[in-house]
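Written below as C-alpha cells is the structure these notes are about.
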Amino acid sequence: MSAPTRTPARARMSSPAPGPRIQPRRTTGVPYVLIVPALIALLLGLGYPLIWQIVTSFQKYGLSQQFGKPPEFVGFDNFANLVWDGEFWAVLVRSLLFCVVTAAVTVVIGVLMAVLMNAVGRTVRLILQISMLFAWAMPVAAATTVFIWLFDRRRGVVNYLLDAIPGVDMNRYDWLGNPLTFFFVASVLIIWMSVPFVSFAIYAGLTQISEEVMEAAQIDGAGAWQRFRRIILPMVRPVLSIVLLLQLIWDLRVFAQITLLKDAGSKSGDFDLLGTYIYKLGTATGDFGMASAVSIVVLLVTLAISWVYVRELIKEDEAQ
Amino acid sequence: MKRKIASIAAATAALVVLAGCSTPSEAPNPDDAKGQNITFWLMGVTPRTLSVTT
Amino acid sequence: MADGGDTPDTLRDYLKTEYKKATGGTLTIEEQGWGDALAKLQTALPDADNTPDVTEIGNTWSPTFTNVGAFSDISDMYDELGGDKLLTSFVDVGKVDGKNYALPYYFGSRYVFYRKDLYAAAGVEVPTTLPQLTEIAQKLHNDSTSGFYLGGEDWRNGVSWIFAYGGDLAKQDGDQWKSSLSDPKSIEGLEALQELYTSASNAPVTEADSTPWVNINTQPEAAGPEAATIIAPGWAHWSIGDLAPDPKDDTKQVATWNDEVFGAYVLPGVDGGVAPVFAGGSNIAISASSKNQAGARELMKIIFSKEYQEMLGANGLGPANSDYVSSLGDDQFAKALIESALGSKLTPAAVGWAGVEGSGLLEEFFGKVNAGGDVASLAAEYDKKIDELINKS
Amino acid sequence: MTAVKTGRIALSALAIVLAIVWIFPVYWMANSAFISTAVLQQFTPHFFPGEYFTFANFTGAISDGSFFGALGMSVTITLIVVAVCLVFAFLGAVAISRFKFRGRKSFVLALLLIQMLPAEGLFIAQYKMVSSVGLLNTVLGVSVIYIAAVIPFTVWMLRGFVAGVPAELEEAAMVDGLSRFQAFMRITFPLLAPGLVASGVYAFLQAWNEFTVAVVLLPAEAAQTLPLWLRGFVQASATRETDWGQVMAASTIVAIPVIVFFLIVQGRMTSGLVGGAVKG
C-alpha cells in the first residue's frame, strides 16, 4: 500500500542515476583540454586580484601605499586587529542571522510557490510565472529604489495603507530608522528578488515526479501534507539543497541593496552587513589591508559553516 | 557606432592579447601646454542621498 | 537664475572656451557623484594614464590626499594665483611642510532660514544668542511643525554647537591629532544640541543630510511647513520660497522667495555675535601623476582669474580670493554668507580625517547623542574610536 | 468532487494574490514613471496616473543623450559575457560530468570557493590589473572580470544538465557509425538547450545589474553602463532634489530590455530549469 519511497526518478542525488554510467575513459587529455578555457577565464579575471588580496591581508596597505609608498609586511596584525575588534563579530553575527533567516524564508516561499504552480491550472500558472519573471528581471538598483520609495516615511505606500487600517497609526513611521525594521525591509526586498529563481528551480524538480506516483498516493488516501512530505520533498531535495546553499552564500555577500538602503537611512555602523562593512573598511576609511583580511576571514567562515554540506555534495558528485 | 564596433572587435581578440598589451607610449613634451587635452573632475557639493525626504 | 551649489553650466562653458583660447587643447569636465567619488579618486589619481589632470577636492578630504602625495607642488604659483588674499584656512588644509598642494576653489557657508509668519504668530523675535534660539524653537515647536528642523545624525550642522561653546572635533599636539569630543566645552555644546534636538526637532534621529528646504516651504496640499526654522548651506535660498508649478515645465515646481514669509539670519553665538559654522566649499589641486602639468597649470590660472572668481560670486559660490568677495552682491543672502563664513571652521587637517568621515562614526555619535544618550560616556567611547583612524594614512 | 473543486479555486485565488504581490513593485515603478515629480511629492500616493499622466519623465531621462551610450555599453558587455561564459562553462561542465580525471574534485571545490569570496575587497586589485594593460573604460576590461565572476555558478548549473543526458544514447549513435563528436552534437546537445538558456539568463542578470566593479573600471562618463547611468539620476545634482519621476522612468527603461529578453526565453527557460537544477 505504501507509496514507493525510493521513487525511480532520474534525479535521485544519492543513488547513482540509472542512466549514465560513466565508463572510466582511457585517461586521455580530453577533460583537461575541456576545462582549459574556463580555467584561463578564471585566472585572467580573478588570478591577480586573489593573489593581491591574500598578500595585502598581511600588509599595512592604506592610501599612502596606493599612492606609491611601499607597503609594509605586518604579518597577522590585520587578522589580530580583526579578532579583537568587537564591531567585526557584531557585523558577522548580524550577517549570518540575516542570511539564514532571509535564505530560509526565500526557499520556503519558493517551494510553496512551486507547489502552487504545479497545482493550479495552466492560465493561472502562466500569470504567476509571468509576474515572477517581471520581478526577477527588475534590475537591483531599480527594485531597491522602488522599495525605498514604498517604505518612505512621508510618501510611502506601506505607511499609507497601514495607516488606513483603523487603530493603526503608521503615519511618518521611519522604517529605515532603526536596525530591526531596517533589516526587515532589506530582508523583504531580497526575498522578493530571490523567490522567482528558487520557485522556478523547485517547480522544475516537481514536474519530474510522474503523474502515476502522485495519483497512486492520492488514491491511497495520503493527504496533501503526507504526499508533500513523503513524495514531493524527497524528490525535490537535491534541488532544494543546492538552491538553499546558493541562497545562503548570496545573502551573506549582499552589498548593493544594503548600500542603497543605508543611503536612504542611517550611516551608522549598526546597519552594516559584511558587504558594506568591508567596503567601509576598504574604500571609506582607506584601510585596504584590513578589508582584505576581513574578506579572507569571511571566506573561511562561510566554508567552515557549509563544510559538512559541501563535503556531502562533493561525495555525491564522486558517486555519480 | 564606430567606437562600438571597435570595442567588439577588440573583445573578440584572443584573451591572450590582454596579457600582452603594453601601455600607450609617452605623451608629448609635458612642459609645453600647447594642445594638451586635460580633464577636470568636479565634486557634487553636498553628499546627496536617496532620502525621499525631498 | 543659476541653481548654485555645484559649478553651474555657465561657468563650465567659460572654462572650456578660455582653456581652448589659452592652449588650443580641449578641456573635459566630469562631475563625480559623492557616493563614488572616493573610490574613483583612490583608484584614478595614482594612475598616470587615467588620472584627472585637475580635480576639485572637498576641504575635509584635502589633508588626507595632500599628505599621501596625490597632488603636485604648486608653491611657485601661489602668489600668481592670489597669494595671501586666498582664504587662509582653506590654504592650510592643502599645505604640507610649508609647500602648497591644494588651494581654495570656493567657499560656502551655512546660516538659518526661518518662517517670519510663524515667528510673528508665536510672538517670537530673531534670537541673538544660541540659548535664546533653543527657547524660541521650543515655543514654535508642535507635533506637525519642528521649531528647528535638524536631523539626528546631521553632524555637519550639529558641529556648530560644539564650535559655539568653544569646543572642537579634534586637537593637534605635535604632528599627532587627538579627538576632543570629551573636552568639557565640546560636551557643553553637545548637551545644548541634545536639548534643542529632543525638544524642538521632529526629524528622524537617523537623518544625516536631508534637503532642509523641503521642510520650510509649504508643500502643496499641506496646511503649513514642516519646520519653522532650518539651517542650510547658503545656495539653498534658491530652493526656498512659495511653491508654484514651473511656467516652463509644469511637471516641475519652482520656489520664488517671498520676503514677507521667509527670512534668514546668521546662527548666533552663545553670548551673541556669530557662532562658527561648518565651512562648506572645496579646494582644487593638480594631480601629481598627470602628464599634462603645464595644461593643468593653465587651467588653474584661468580659475583664479578675476573674471572666473567673480562668476563664482555671481552664482552664490564664495570666491577663494577675498578681493572678489563683493561679487557675491549685497543682498541679504550675500551678507549672511560672508558674515557666517568669516567665523566658519574647517574639520581637523589630520591625515586620517577622510577616513574618519568615511567611517560614519560621526553620524553614529551624533545620532546617539540626539537620541538622548549620556553625552560624556558617548564622547569618551567615540574619542577612542576616532583616535584609531585620525592619524592613519 | 466539489471538495477538490473548491480546493482548486482557493489555490488559484492564492496564486493570483501572490502574483499581485510580486508584480506590485514593478507596477509601482511604471506607475510612478508616468506621474510628474511635482505630483509624486504630494503625501497621498496615486495608484493610477489618471489625470496626472505625463511622458515628461521619460523624455527628461533620455534627454541628456547619455542613455544610448549606456545602453550600448550594457548590451555589448552583457552579450559578450553571456556568450563567452556559456561556451567556456559548457566545456568545463562536460569535462567534470563526463570524465574522471585527477584534479576534478579540487576544480569543483574551487568553483564553489570563488562564489563564497566577497567581491567588495577586490576592486582595487581589479582596477590595477585592468588599468595596467590600458583597458579601463573598455568593454573588454569589464567583460573579463564579469566572466570570471559568473563562470563558477554556470559550470555547476550546466554540470547537472550534461549529467542528466544518458551516455548510452551517445554510444548507440556511435554504434550507428557517427563519430563521438557527431553523436554528442546530434543527441546530447539538443537536450541541453534548456540548460544553456537557464544558465544564460543567470549570466545575463549578473552582467546587466553589476555596479561596484563598473564604478571603478568605467570611470569616464562616456563609458558608463546602465546601472551607473541610473545611479547618476538618483544623485541628481547637489542642489536639485532627486527628481523621483525621472528616477522611476530611468528604472523602467533599464528594466524593459531585461523583461523582453526574459519573455523571449521564458518558454525554454522553465523547461531548462526543469532539466538542469534537478541533476545538480
Side-chain angles (χ1 to χ4, degrees), chain A residues 11 19-20 24-25 31 34-35 37-38 41-42 44-46 48-49 52-53 116 119-120 124 127-128 131-135 137-142 145-146 154-155 157 160 200-201 204-205 207-208 238-239 242 249 253 255-256 275 278-279 282 288 291-292 295 298-299 302-303 314 317 320, chain D residues 11-12 14-15 18-19 22-23 25-26 28-29 43 45 88-89 91-92 94-95 99-101 105 107-109 112 114-118 120-122 124-126 129 144-145 147-148 151 155 163 166-167 209 211 227 230-231 234 247 251 254-255 258-259 262 266 270 273-274 277-280:
Chain A
R25 291 277 187 288
L34 290 175
I35 62 169
L42 289 173
L44 270 178
L46 282 170
Y48 172 77
W52 183 86
Q53 184 156 67
L116 195 60
V120 292
V124 173
I127 293 169
L128 193 51
S131 72
M132 288 285 134
L133 270 180
F134 270 67
M138 204 172 165
V140 173
T145 308
V146 167
R154 298 190 223 205
R155 287 174 201 75
V157 172
Y160 179 75
F200 278 128
T207 49
Q208 290 302 299
V239 179
I242 284 197
I249 294 175
R253 279 179 41 182
F255 170 67
I278 292 169
Y279 189 81
F288 302 105
S292 301
S295 302
V298 165
L299 172 68
T302 320
L303 190 61
I314 303 286
D317 175 72
Q320 221 164 23
Chain D
L11 284 181
S12 303
L14 177 61
L18 287 174
W22 252 261
I23 202 74
V26 185
W28 194 250
M29 170 179 75
F43 294 138
F88 286 11
L91 296 178
V94 166
F99 296 89
K100 275 224 176 292
F101 55 97
K105 209 160 94 168
F107 180 64
V108 169
L109 189 61
L112 196 62
I114 291 173
Q115 294 182 70
M116 293 181 179
L117 186 72
E120 289 68 47
L122 293 175
I124 286 279
Q126 287 164 337
M129 180 174 86
V144 165
I145 304 289
I147 290 167
I151 275 189
V155 171
N209 276 337
F211 177 75
L230 181 59
R231 169 100 176 189
V234 174
V247 167
S251 302
V254 170
V258 184
I259 292 174
F262 264 27
Q266 194 266 345
T270 29
L273 280 174
V274 167
V278 163
K279 297 314 157 303

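Just so it is clear, the structure is predicted and the values come from calculations on it, not from any experiment. Within every chain, numbering begins at 1; the chains are lettered A, B, ... in the order of the sequence lines, protein sequences first and strands thereafter.
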Out of [options], return the one with the most heavy atom pairs under 4.5 angstrom to chain A.
{"options": "D:I145, D:L14, D:I23", "value": "D:I23"}
{"options": "D:A95, D:P118, D:G92", "value": "D:P118"}
{"options": "D:L18, D:I124, D:V94", "value": "D:I124"}

Least distance between heavy atoms, [X] atom then [Y] atom:
{"X": "D:E120", "Y": "A:I278", "result": "CB-CG2, 3.9 Å"}
{"X": "D:L117", "Y": "A:S295", "result": "CD1-O, 4.2 Å"}
{"X": "D:F101", "Y": "A:P31", "result": "CD2-CB, 3.4 Å"}
{"X": "A:M138", "Y": "D:P25", "result": "CE-O, 4.2 Å"}
{"X": "A:W52", "Y": "D:G121", "result": "CZ3-O, 4.1 Å"}
{"X": "A:S131", "Y": "D:A19", "result": "OG-CA, 3.4 Å"}

Discussion item. Would you compute the distance between atom CG of A:L299 and atom CD1 of D:I114 and round it to the nearest 0.5 angstrom?
Written reply: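 One finds 10.0 Å between CG of A:L299 and CD1 of D:I114.
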
Discussion item. Using 0.5 Å steps for rounding, measure from the CG atom of A:L34 to the CZ atom of D:F99.
Written reply: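 Answer for the CG-CZ pair, A:L34 versus D:F99, is 5.5 Å.
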
Worksheet entry | Top of A:G282, A:G45, A:A142, A:A137 for chain D proximity - count of heavy-atom pairs under 4.5 angstrom |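 The residue among A:G282, A:G45, A:A142, A:A137 with the greatest pair count is A:A137.
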
Worksheet entry | Contact class of D:L122 relative to chain A, heavy atoms under 4.5 angstrom |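 Contact with chain A is through both the backbone and side chain of D:L122.
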
Discussion item. Please classify the contact of D:W28 with chain A as side chain, backbone, both or neither, using a heavy-atom distance under 4.5 Å.
Written reply: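 For D:W28, the contact with chain A is made by the side chain alone.
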
Worksheet item: Stepwise, does the side chain to side chain contact (heavy atoms under 4.5 Å, CB included) test hold for A:I35 with D:F107?
Response: CA-CA 9 Å; A:I35 62 169; D:F107 180 64; 4.1 Å; yes

Which bit of [X] is near chain D, if near means a heavy-atom gap under 4.5 Å: side chain, backbone, both or neither?
{"X": "A:Y279", "result": "both"}
{"X": "A:A119", "result": "both"}
{"X": "A:L42", "result": "both"}
{"X": "A:L116", "result": "side chain"}

